[in-house]
Amino acid sequence: MFFLTWFPTYLVEYRGLDFIQSGFLASVPFLAAFFGVLISGFSSDYLVRKGVSKEFARKAPIIIGLLLTTCIVGANYTDDTFWVITFLSIAFFGNGLSSIAWVFVSLLAPKHLVGLVGGCFNSVGGLSAVVVPIIIGFLVEDGDFKPALIFIASLAAIGCLSYLFLVGKIQRIDEPLPEKKPTQAYNKSKLT
């Protein structure tokens with residue numbers, strides 16, 4: 001959520017860019033994210049069509065994307081605007097690559113629970129959209145964005161490790177359908 005909430009503030013207040021310059025430069029990382037999203041979907045589908053396991057085809061863009069997102073911390077070590085935008089563009093591109101995580105809802109959830117699982121998945125994402133900007137607000141309270149960028153890189157690294165070591169085999173969870181209770185048949189003879 002840094003990318004949507006704190007990024008413009010980072011460019012204007014911390015990096016000292018004017019609004020017009022920051023608006024133009026801020027578009028570059030978002031374009032990188034756009035291409036990351038497209039490349040993630042196309043490459044993942046291509047790998048599946050070529051017979052690569054769904055596990056590898058779906059996890060690879062996420063893991064690569066999260067690794068690239070950790071590059072955001074590189075902006076802490078340069079004062080050159082070109083390199084700041086470059087590090088942020090790499091991180092945004094990685095964030096776009098990792099956005100394919102939604103595919104796991106349809107691959108893992110029992111068919112009759114896809115909506116519920118998708119809703120839970122979205123709720124957790126929404127919760128992070130509330131919590132992460134608040135944490136960043138506390139981290140940048142002194143006007144220094146370096147801890148915030150380290151925080152974002154740490155979240156990406158934790159996510160990468162989670163996909164490597166916690167997310168297991170990609171297969172649908174077989175959950176039996178709930179038993180239907182018999183309903184009382186409508187009896188026309190009672191009405192006549």
Side-chain angles (χ1 to χ4, degrees), residues 1-44 46-47 56 58-104 121-122 124-167:
M1 290 300 356
F2 168 81
F3 304 113
L4 295 176
T5 56
W6 284 98
F7 180 56
T9 304
Y10 170 76
L11 291 178
V12 173
E13 292 184 15
Y14 187 67
R15 289 297 175 175
L17 301 176
D18 62 45
F19 282 108
I20 293 175
Q21 187 181 18
S22 72
F24 172 73
L25 292 176
S27 67
V28 175
F30 282 107
L31 286 171
F34 168 77
F35 286 109
V37 169
L38 294 178
I39 289 170
S40 177
F42 286 130
S43 64
S44 180
Y46 174 79
L47 291 173
F56 180 82
R58 304 304 189 199
K59 282 184 180 180
I62 296 170
I63 293 167
I64 293 167
L66 290 170
L67 284 173
L68 289 173
T69 302
T70 63
C71 291
I72 197 168
V73 79
N76 283 345
Y77 302 103
T78 183
D79 290 326
D80 187 331
T81 302
F82 171 81
W83 285 109
V84 168
I85 297 301
T86 299
F87 283 120
L88 293 172
S89 296
I90 293 168
F92 276 46
F93 177 79
N95 190 37
L97 279 178
S98 64
S99 69
I100 198 172
W102 262 100
V103 76
F104 290 113
F121 188 87
N122 197 37
V124 171
L127 182 61
S128 72
V130 171
V131 173
V132 169
I134 291 170
I135 292 171
I136 291 174
F138 285 116
L139 292 174
V140 302
E141 203 168 40
D142 297 331
D144 186 6
F145 269 85
K146 288 180 181 178
L149 297 185
I150 292 169
F151 173 67
I152 298 300
S154 299
L155 288 178
I158 290 168
C160 180
L161 293 173
S162 296
Y163 275 97
L164 286 171
F165 300 113
L166 296 178
V167 178

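One-based numbering along the sequence shown.
- Rounded to the nearest 0.5 Å, atoms OG1 (T70) and CD1 (I158) are 12.0 Å apart.
- For the atom pair CZ (F82) and OG (S89), the distance works out to 9.0 Å, reported to the nearest 0.5 Å.
- Aromatic rings of F92 and F30 (six-membered ring for Trp) have centroids within the 6.0 Å cut-off, being under it.
- Distance check: L88 CG to T81 OG1 gives 10.5 Å after rounding to the nearest 0.5 Å.
- Using a 4.5 Å cut-off on side-chain heavy atoms (C-beta onward), L164 and C160 make contact.
- With values rounded to the nearest 0.5 angstrom, I64 atom CD1 is found 14.0 Å from Y163 atom OH.
- For D79, the salt bridge (Lys or Arg N to Asp or Glu O under 4.0 Å) test picks out R15, with sequence neighbours left out.
- When side chains are defined from C-beta on, N122 counts as touching W102, because their heavy atoms get closer than 4.5 Å.
- Minimum heavy-atom separation, G94 to T69: C-OG1, 3.3 Å.
- No donor-acceptor pair closer than 3.5 Å links the side chain of T78 to the backbone N or O of A75.
- The two residues P61 and L97 make their nearest non-hydrogen contact at O-CB, 3.6 Å.
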Apply side-chain contact (heavy atoms from CB on, under 4.5 Å) to L139 and I150, showing your working.
-> CA-CA 10 Å; L139 292 174; I150 292 169; over 6 Å; no
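- Across all their heavy atoms, I72 and A91 have their closest contact at CB-CB, 3.7 Å.
- Under the 4.5 Å side-chain criterion, counting only non-hydrogen atoms from C-beta, D80 is not in contact with T86.
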Worked check of side-chain contact (heavy atoms from CB on, under 4.5 Å) between F151 and V132 = CA-CA 9 Å; F151 173 67; V132 169; 4.0 Å; yes
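- Considering every non-hydrogen atom in both K59 and V167, the closest pair reads NZ-O, 2.6 Å.
- Of all the heavy atoms in V140 and F145, the pair that sits closest is CG1-CD2, 3.6 Å.
- Taking CG of L149 as the reference point, atom SG of C71 lies at 12.0 Å (rounded to 0.5 Å).
- The list of salt bridge (Lys or Arg N to Asp or Glu O under 4.0 Å) pairs with a residue in residues 150-160, not counting sequence neighbours, is empty.
- Although no hydrogens or angles enter the test, the distance criterion places no donor-acceptor pair under 3.5 Å between the side chain of D142 and the main chain of D144.
- The two residues L66 and G159 come nearest to each other via the heavy atoms CD1-C, 3.4 Å.
- Going from atom CD1 of I39 over to atom OG of S44 covers 13.0 Å, rounded to the nearest 0.5 Å.
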